[in-house]
Amino acid sequence: MLFEKLIEFDMKGGDSTRLIIDREEIKDSVRIFLPEGSNEAKLTDKVDKHIKKLVDFGFLRVLSTDSNKFEVRRILKAKISADGLQEIKAKLGGEHAKLLN
């Protein structure tokens with residue numbers, strides 16, 4: 001999801017060189033993979049845990065001005081190629097609903 005957003009951002013161009021995304025955008029992007037009626041509190045907890053891991057790995061950087069906004073670091077593009085992303089999507093296949101389990 002973050003990789004795709006970074007590619008879209010680069011394709012649009014624009015004035016900024018940094019992709020900034022907030023916690024709600026991340027939750028909304030993940031929500032599409034979950035069945036209807038998923039527990040919102042559980043979703044929030046899991047997303048927060050995964051965001052923390054992405055910050056720890058250096059793929060996201062918390063903005064000093066707002067702890068709910070993150071810069072998507074370009075190192076992500078160096079770690080995952082477009083072909084690698086397609087392979088990950090194919091492996092997830094029908095199991096995409098289990099992403100946050």
Side-chain angles (χ1 to χ4, degrees):
M1 184 266 315
L2 293 175
F3 183 81
E4 289 174 330
K5 287 204 177 280
L6 193 55
I7 290 173
E8 288 173 22
F9 177 78
D10 286 345
M11 290 176 75
K12 288 180 184 175
D15 297 335
S16 179
T17 58
R18 301 184 323 161
L19 171 58
I20 306 299
I21 188 168
D22 66 28
R23 192 175 305 274
E24 284 302 312
E25 285 180 83
I26 296 171
K27 281 198 309 192
D28 289 343
S29 295
V30 171
R31 191 174 281 119
I32 64 171
F33 294 105
L34 301 175
E36 288 293 319
S38 294
N39 184 327
E40 188 68 26
K42 190 175 180 181
L43 170 68
T44 299
D45 288 345
K46 288 186 177 186
V47 168
D48 287 341
K49 286 179 186 175
H50 290 294
I51 288 172
K52 184 179 179 333
K53 286 181 185 178
L54 290 169
V55 169
D56 291 345
F57 291 143
F59 297 133
L60 292 177
R61 184 178 67 81
V62 181
L63 296 186
S64 59
T65 56
D66 185 346
S67 63
N68 285 314
K69 292 192 177 194
F70 305 90
E71 175 187 357
V72 180
R73 306 290 307 274
R74 298 209 169 266
I75 189 171
L76 186 61
K77 284 179 76 174
K79 293 286 185 183
I80 302 173
S81 67
D83 291 337
L85 178 63
Q86 293 304 321
E87 185 178 322
I88 291 167
K89 284 182 175 182
K91 285 181 182 178
L92 286 174
E95 298 184 27
H96 62 274
K98 297 179 183 178
L99 265 178
L100 294 177
N101 289 338

Qualifying residue, where the test is side chain to side chain contact (heavy atoms under 4.5 Å, CB included) with I26 and the options are V47, N68, L54: V47

4.5 Å side-chain heavy-atom contact, L63 and R61: yes

Salt bridge (charged side-chain N to carboxylate O under 4.0 Å, His left out) between E24 and K27, intermediate numbers included: CA-CA 5 Å; E24 284 302 312; K27 281 198 309 192; 3.0 Å; yes

Would you say F70 and V55 make side-chain contact, with heavy atoms under 4.5 Å? yes

Any salt bridge between D56 and K52, counting N to O under 4.0 Å? yes

Any chance you could measure I20, atom CD1, to F9, atom CZ, to the nearest 0.5 Å? 8.0 Å

Could you tell me the separation between the CG atom of D48 and the NZ atom of K53, rounded to the nearest 0.5 Å? 12.5 Å

Rounded at 0.5 Å granularity, tell me how far CG in D22 sits from OG in S67. 11.0 Å

Side chain to side chain, E71 and L60, heavy atoms closer than 4.5 Å: no

Is it the case that more than 12 heavy atoms not belonging to K69 sit under 6.0 Å from its NZ atom? no

Run D45 and H50 through side-chain contact (heavy atoms from CB on, under 4.5 Å) and show every step you take. CA-CA 9 Å; D45 288 345; H50 290 294; over 6 Å; no

Would you call D28-R23 a salt bridge at under 4.0 Å N-O? no

